[in-house]
Structures are given as C-alpha cells and as structure tokens.
Amino acid sequence: MIRLGLCCIFREESIRFRQTTASVLNRMNRREQLEKLSDLCTANLSNLLEALQWCHINRIGAFRILSPLFPRFTHPDVGYQLENLEHYTEILRLCRSINRFRQENAIRLSLHPDQFNVLSSPHELVVANTIRELEYQGRLAELLGADVINIHAGGAYGNKKEALMRFQVNFDLLSERVATRLTVENDDRVYTPTDLLPLCSTVGIPLVYDVHHHRCLSDNLDIGEATNHCLETWKRVKREPCFHISSPQDGWQGQNIRNHADYIDPTDFPEEWMRLDATVDVEAKAKELAVLRLRDDLDQW
DNA sequence: GCATGTCAAGTTGTG
DNA sequence: CACAACTTGACATGC
C-alpha cells in the first residue's frame, strides 16, 4: 500500500503552528522569553496531536513535522533547553501522547531540516551549526517517534566527489539517534540520484527519491531505475521506502518548473510506485486539500 | 482591522 | 561583486 504524507501545515483546516523570532525574544528578559517559548512549545505539541488526529480520520498515513516545532530551539542567543521551560512536564506528557497516537494508528512521522543544514560544507562553522540543528531534530524525533530526518547533500563547491567525501566524514560526528534516522534526498540543481547512491551505500543511509527534482535535474537513470535503486537503499536498513511527489506550477512547459503547484497532477505520479509499500510525501501548496485529492485520484485507478 | 515588512542559518546562478 | 531564488507562512508593527 502507498501511504500519502502531508507536509507540515494545513491550508484550510484551522490547525496552525505558532512561531516567534529572535528579535522579538531579544526585547524581553530571560524569564519572559522562556514563558513565551514554553507557551509556544506546548501549543505546537497540542496542534501536532490534532494534526495527527486529522491524518488518521482522513486515511493519511504520514506527516512531516515542521522544523520550528520548538521555535528558535538552537538559536545561539535565545536557544533553550526543554528542562528550563515552565511547562516541561506537560511538554513531555504531550510528546508521549503524540508518540502513542502515531504508534497506535500507524502514522509515520518525518522531519526535514532546512536548506542551511549542509554536512558537505567546507566551512567548519556551517558543519557545526548543522550538527547542532540535526541533534535538536534527533531529540525531537526520539521524543515523538519520527523515523526519518531527511536532508539534501548541499552544495558542490566545484567538486561533488570531494563535497560528498566531507559529508561522509562529518556523518561520523552525528549521534546514534541522528545517524540511524538520517536520509539524503536528490535535489533539483546539484545532486541527482546517481550522485547520491554511492554515498548511500558507503554511509549506509537510505535515499529519499524526489521524482519532481529528478525531472528537473535528470541523470542517466529513468524513473523506474531510480525507484529500484532507491528501494534497495531502504531494503538494506529494512525500512519502508520514502518518496516525494510534486507537480510544476504552470505545467511542464511553464516558466519555472521547479515551483510547486497547488495540487498533484495524477499523471505525474509514477506508475512504478503504484504497487509498492511506501510512503509518498505530497509537496503541494494546497497542502491537505492536495493530499486528499491525490488519495481519491489514486483510489480511482 | 488591514497592509506591510521581517525572519538565524547556505549555496547557486544571474546580471 | 551583489542579489534574488529556493519556499513560505506567521507574527509584529504601524497606520
């Protein structure tokens, strides 16, 4: 069975995640900062539980958790520890409820750290910041029961081989809780599946195959071949494979095919995926509306 | 109440 | 060399 995944937020449902910025926090004293952050973390966890309940009711089998679930957690000035928040006990209780709910209802959770997390960077500071952020997401993953932390391979710096070598070296600096969850995804400007598959076998991490990115930046593999190679990387770690799907905003003849459309054109859904046991994250601007429509479209087939 | 500007972070490609 | 694009809404501010 294909399980479809909703990414991070809702378009029409009133489930909303809250945020803040460092500049707002910096205008407060530490006590006020922690009060605000405690409120936001607690609210976001309640919202996450609601999001999972929505997924369950609507037969959506996966949910991607937004990175700033705990806002500004790793920020150098205003970062904090959960233990220092007023609602710490409540926060842990909510995490356990979420973890139990996703387990009982078989909802797969994943995380997708932002583009500035670059393990292949030649800059020590960038790598250090990346590791800090990944460790935060690892903690989150452990608390909530997410099994995927998916990132891109980063920049090429004029030499992809060397960049991927740095990725490999820096991977060894990650904790067990991050390393066992980390996956790498082909992107639409630098790294194709062909570029990443050797890294995946050397490091022993799975490939998240984004077919839209592959259509924007192709290699010598067709979709069926890339799918099969991707499946092998997941088989090695005995876990359910993960794919991404989107459609271009103005069709394949449009100006910028990288932009995501509101909905998924069902003809963009690879035939090769139809009979797989796999997760397919739906990256579409209409969010839950797009997932529901694609679910119905696939049911028709 | 509504419009507008801001938000920690990286890298690439364009002009 | 500077800057927009990537992707993107939520929030705070100002009128």
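So that the names make sense, note that chain A is the first sequence line, chain B the second, and so on, each numbered from 1.
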Check your understanding: How far apart are the C-alpha atoms of A:Lys235 and A:Glu232, what are their side-chain angles, what is the distance that settles it, and do they pass the salt bridge (charged side-chain N to carboxylate O under 4.0 Å, His left out) test?
Key -> CA-CA 5 Å; A:Lys235 204 168 181 179; A:Glu232 287 163 30; over 6 Å; no
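- For A:Val190, taking side-chain heavy atoms from C-beta onward, the closest of the listed nucleotides B:dT12, B:dA9, C:dT13 is B:dT12.
- Nearest nucleotide to the side chain of A:Tyr157, out of B:dT11, C:dC6, C:dT7: B:dT11.
- The NE2-P distance, from A:His212 to C:dC6, rounds to 11 Å in whole Å.
- Of the candidates A:Gln33, A:Glu86, A:His87, A:Ser38 forms a side-chain hydrogen bond (donor to acceptor under 3.5 Å, both in side chains) with just one, namely A:His87.
- No donor-acceptor contact under 3.5 Å links the side chain of A:Thr20 to the base of C:dA12.
- For A:Val118, counting side-chain heavy atoms from C-beta on, the closest listed nucleotide (B:dT12, B:dG10, C:dT8) is B:dG10.
- Here B:dG13 presents its P atom at 11 Å from CG of A:Asp188, a figure rounded to the nearest Å.
- Nearer to the 5' terminus of DNA chain C, by closest-nucleotide assignment, is the contact made by A:Lys287 (compared with the other of A:Lys287 and A:Gln19).
- Stacking annotation: A:Phe116 is stacked on the base of B:dA9 (ring centroids less than 5.5 angstrom apart, interplanar angle below 30 degrees).
- A close approach under 4.0 Å does occur between a side-chain nitrogen or oxygen of A:Asn259 and OP1 or OP2 of C:dC6.
- Of the P atoms belonging to B:dG5 and C:dA5, the separation is 16 Å, rounded to the nearest Å.
- Distances were taken from every side-chain heavy atom of A:Val24 (C-beta onward) to each of B:dG10, C:dA12, B:dA8; the shortest belongs to C:dA12.
- OP1 or OP2 of B:dT11 has at least one side-chain nitrogen or oxygen of A:His123 nearer than 4.0 Å.
- Here B:dA8 sits opposite no nucleotide as a Watson-Crick or G-U wobble pair (both hydrogen-bonding atom distances under 3.5 Å).
- At a cut-off of 3.5 angstrom, the base of B:dA8 holds at least one donor-acceptor pair with the side chain of A:Arg72.
- Residue-environment remark: CE (A:Met28) exceeds the threshold of 12 foreign heavy atoms within 6.0 Å.
- When rounded to the nearest whole Å, the span between OH of A:Tyr191 and P of B:dT11 equals 11 Å.
- Distance CZ (A:Phe167) to P (B:dT11): 14 Å, rounded to an integer number of Å.
- Between A:Lys36 and C:dC11 there is no side-chain N or O to OP1 or OP2 distance below 4.0 Å.
- Both tests do not hold together for A:Arg166 against A:Phe171: distance to the six-membered ring centre under 6.0 Å, angle to the ring axis within 45°.
- Under the Watson-Crick and G-U wobble criteria, each requiring two contacts below 3.5 Å, nucleotide C:dT7 is left unpaired.
- The phosphate of C:dA10 has OP1 or OP2 within less than 4.0 Å of a side-chain N or O from A:Arg16.
- Here B:dC2 sits opposite C:dG14 as a Watson-Crick or G-U wobble pair (both hydrogen-bonding atom distances under 3.5 Å).
- Residue A:Arg11 has no polar side-chain atom (N or O) positioned under 4.0 Å from OP1 or OP2 of C:dT8.
- Nearest to the side-chain atoms of A:Arg27 among the listed nucleotides B:dA8, C:dT7, C:dA12 stands C:dA12.
- Atom P of B:dT4 sits at a distance of 25 Å from the matching atom of C:dT7, rounded to the whole Å.
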Practice item. Decide yes or no on salt bridge (charged side-chain N to carboxylate O under 4.0 Å, His left out) for A:Glu240 and A:Arg3, but give the supporting numbers first. Key: CA-CA 10 Å; A:Glu240 180 177 311; A:Arg3 66 164 97 207; 2.8 Å; yes
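- For A:Arg18, a side-chain nitrogen or oxygen approaches OP1 or OP2 of C:dC11 to under 4.0 Å.
- With rounding to whole Å, A:Leu164 atom CG is found 15 Å from B:dT11 atom C1'.
- We find that NE2 of A:His213 is positioned 11 Å from P of C:dC6, with the value rounded to whole Å.
- The residue A:Asp114 sits apart from the nucleic acid: no heavy atom pair falls under 4.0 Å.
- Atoms CZ and CG, on A:Phe167 and A:Leu182 in that order, are 5.5 Å from each other to the nearest 0.5 Å.
- Atom CD1 in A:Ile15 sits about 17 Å away from atom P in C:dG9, given to the nearest Å.
- For the pair A:His75 NE2 and B:dA8 C1', the computed distance is 5 Å after rounding to whole Å.
- B:dA8 and C:dA12 have their P atoms separated by 13 Å, with the value rounded to a whole Å.
- Nucleic acid contact for A:Ser121: sugar-phosphate only, since backbone atoms but no base atoms lie under 4.0 Å from a heavy atom of the residue.
- Checked for salt-bridge contact, A:Asp147 and A:Arg181 miss the test: no charged N lies under 4.0 Å from a carboxylate O.
- When the nucleotides C:dA10, B:dT11, C:dC11 are ranked by their closest atom to the side chain of A:Val126, B:dT11 comes out on top.
- As judged by a 4.0 angstrom heavy-atom cut-off over every strand, A:Arg132 is placed among residues making no nucleic acid contact.
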